[in-house]
Amino acid sequence: MKKYFTTAISYVNGKPHLGHAYEAILTDVFTRYNKLFGHDCLMLTGVDEHGQKVYDVAVEKNMDPLAYCDSLIPDFTNLLKASDVDYDVFFRTTDESHMKNVQSILQKLYDKGDIYKDYYEGNYCTPCETFYTEKDLNDGKCPECGRETTIIKEENYFFNMAKYADQYEEFLNANDDFIYPKFRKNETLGILKKGLRPLCISRKKEKMPWGIEIPFDKDFVTYVWFDALINYIDGIGYLTDDEKFNSYWSGAVHNIGKDILLHHCVYWPTMLMAMEVPLPKKIVIHGFWMGEGGKKMSKSLGNVIDPIGLIEKYGSSSFRFYVLREMSLGHDGVFTKEFFINRHNNELANDFGNLLNRATHMVVKNFDGIIPEPSKKTEHCDAFISEFNTLLSGIEQKIYDYELNKALDDIMKMIRSTNKYMEDTAPWKLIKEDKELCGAVLYNALESVRITSILLSPVIPKKFEEIKDIFNGEIPGDLEFGKLVPGKKINKAVSLFPKIEKEKEPEKVKEVVQDNLIGIEDFGKVEIKTGKIIKAESVEDSNRLLLTEVDLGNGDVRQIVAGIAKFYQPEDILNKHILVASNLKPAIIMGIESQGMLLSVKKGKKLRLVEIDSELPLGKKLV
RNA sequence: GGCGGCAUAGCUCAGCUGGUUAGAGCAUCGGAAUCAUAAUCCGAGUGUCCGCGGUUCAAGUCCGUGUGCCGCUACCA
């Protein structure tokens, strides 16, 4: 069966980081496992190059946007290379044939009526020439330049996602394993339940020319996602090589981060339905890497992991092993250098590396390196082989089920049980009593080494190449215990996974862990004043807002909307002396302007206003 | 506020459709062994399985409720 694995394509404008490396490695490892189990697989990764930010930086650098993108590509390909990611396609959205395909898809959906022209209303930053959603705004201001935005209407093209919502929901309910892990499927259903709004898919070319031109209206280009998502099908010959496309697409698996669930689990499936292309087989959503203590990685905390640095220092195999083994696929994981070193030392060096050594050394020393015959057996042999085979037989299915952690866990169990087997049988004693029996034990140990090495090869491809030297460059590939042919010569393993010495941490000066500290100058920006509530009434159609007027003295009376109706009746708060954040930018809530914020304290489901001594004068600033 | 998720040994987690004395790895302590990268193996553990109530012959596992954290979202301001 043919299969097809993809990463999300990365936006070029930003350095690739641990998250990119992880996603690529994850996708690569599933591709490699499936190849190992005999499937014909392709892997795609790549970059998304269009859009405002790239265009802006290119202009700033006085470069052609495409040339600017070209200059960024090595950052990504170098990381992939360093991570031993063996991709088949590196996709660029500036690819000619992709741009043509996007256009023909746009035309098709336009002809069907799924794309239509309408007005887009949004917060627009004129200097930045960009629309922002309410959420993007920073205190109501442009998140990029900090200037005021204005609400303007603009004509744009929209994709009518809602048309396919029901059909998609049905599909989801019928295909329980379409989205992995399952709780992400529930999240998707929740989004569908709320109803889908039309998706704006265009930008005025005069404002943002760096995109694919809309074929039926030369004044517009497509906007990011409609362009980017299509890479998945273009990468394997959609509209250009039907046979290739059809054979691989039916086995397509997208690997994405949890931040782009909306785009892949809602936009993309409805787009495909509109295009009349079958949906992919599966979407796998992984979590994020956190720093020590589960804290977000950030420069200020100094807990950012540099993948290239670690790979250069400790090797790609240990790095891959760590990210795949440590993170429970779908959940967030923690990456610290200490955990990384522990993983490497305990599992790769002590358990696995040491097993390679002890098994091969004994064969070389006592049997001149000739693989002995398994002609006899000890009381432990059958039980060992049987347990080994039980674990072995479950691995393939676990990979198909995306139970990578369980698969790796089982492989480690196989390795540990082999170490135990050697303790139980003690071939170093047997050699003195019964050489043939000793040989049989070592044969079994070598079989374990061979098979577990193969099973780990997708995870540690580079080290696997070195392990091959034991078997003179070629490891018999049968995943069946007993297929190793006796009589051939093997070599002593070199130390493949040297332990990492824990660096003596220079006594860390205990810095204040709190990273939300502000300076006095920031505090000074906040103006909190004493006030008295002189009017309070409920707000129509709102179950949580109260409209108040607060006297801040000197004739300064503010209209403030407060979300406290669940906790106070209007009459409860009348004449209360309270505190007000008085220099907040006014906000419109339910169409009413709110000119400040009443300070309150919330604990669980209780909320109380902060009340002050009524003797305090009104309108005084807290200092 | 709404929707969803999580809460299990010091740490990271596994425990599927409810069923014998609740598990793994790491860390800790004790021991065996010496083929091997001071590697390996054995043993010792410790847990009000977040609290409360319920269903059941039987609940970490199901239901209700409370608390705490996380995610998305909203009329948070």
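Letters A, B, ... mirror the listed sequences (proteins, then strands); counts begin at 1. All values below come from the heavy atoms of this structure, side chains included, with hydrogens, waters and symmetry mates left out.
Among the protein residues, A/Ala562 comes within range of the sugar-phosphate backbone only, with heavy atoms under 4.0 Å from sugar or phosphate atoms but none that close to a base. Nucleic acid contact class of A/Lys193 (heavy atoms, under 4.0 Å, all strands): none.
Within the shown strands, B/rG71 is the pairing partner of B/rC3 under the Watson-Crick or G-U definition, both distances less than 3.5 Å. Searching all strands for a Watson-Crick or G-U wobble partner of B/rC52 with both distances below 3.5 Å returns B/rG64. In a base pair of the Watson-Crick type (N1 to N3 plus N6-O4 or O6-N4) or a G-U wobble (N1-O2 and O6-N3), with each distance short of 3.5 Å, B/rG25 is matched with B/rC11.
On the C1' atoms, B/rA27 is 7 Å away from B/rC11, given to the nearest whole Å. Taking atom C1' in both B/rG68 and B/rG51, one finds a spacing of 11 Å when rounded to whole Å. Taking atom C1' in both B/rC57 and B/rC41, the straight-line distance is 43 Å, to the nearest Å. Nucleotides B/rU61 and B/rG23 have their C1' atoms positioned 14 Å apart, rounded to a whole Å. Distance noted for atom C1' between B/rU21 and B/rU12: 26 Å (whole Å). Rounded to the nearest Å, the gap between the C1' atom of B/rG15 and that of B/rU20 is 16 Å.
Of the listed residues (A/Thr452, A/Leu496, A/Val449), just one forms a side chain to side chain contact (heavy atoms under 4.5 Å, CB included) with A/Phe352, and that residue is A/Thr452.
For A/Arg358, taking side-chain heavy atoms from C-beta onward, the closest of the listed nucleotides B/rG2, B/rC35, B/rU37 is B/rC35. Closest contact between the side chain of A/Glu326 and the listed nucleotides B/rA14, B/rU12, B/rU37 involves B/rU12. The side chain of A/Leu545 approaches B/rC75 more closely than any other nucleotide in the set B/rU37, B/rC75, B/rA39. Residue A/Met422 places its side chain closer to B/rC35 than to any other of B/rU73, B/rC35, B/rC42. Relative to the side chain of A/His361, the nucleotides B/rG71, B/rA36, B/rC75 differ in distance, and B/rA36 lies closest.
Contact check, A/Asn350 against B/rU40: a side-chain N or O comes under 4.0 Å of OP1 or OP2. Note on A/Lys406: a side-chain N or O is less than 4.0 Å away from OP1 or OP2 of B/rG15. Contact annotation: A/Lys420 reaches the phosphate of B/rC42 (side-chain N/O to OP1 or OP2, under 4.0 Å).
Ion pairing between a basic and an acidic side chain is recognised when a charged N comes within 4.0 Å of a carboxylate O; A/Arg416 and A/Glu347 show such pairing.
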Between the protein and nucleotides 22-32 of chain B, which nitrogen or oxygen pairs are less than 3.5 angstrom apart?
from, atom 1, to, atom 2, distance (Å)
B/rC26, O3', A/Asn346, ND2, 3.3

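Stacking of A/Lys258 on the aromatic ring of A/Phe288 is recorded, both the 6.0 Å distance cut-off and the 45° axial limit being met.
Around atom NZ of A/Lys376, more than 12 heavy atoms belonging to other residues, nucleotides or ligands sit under 6.0 Å away.
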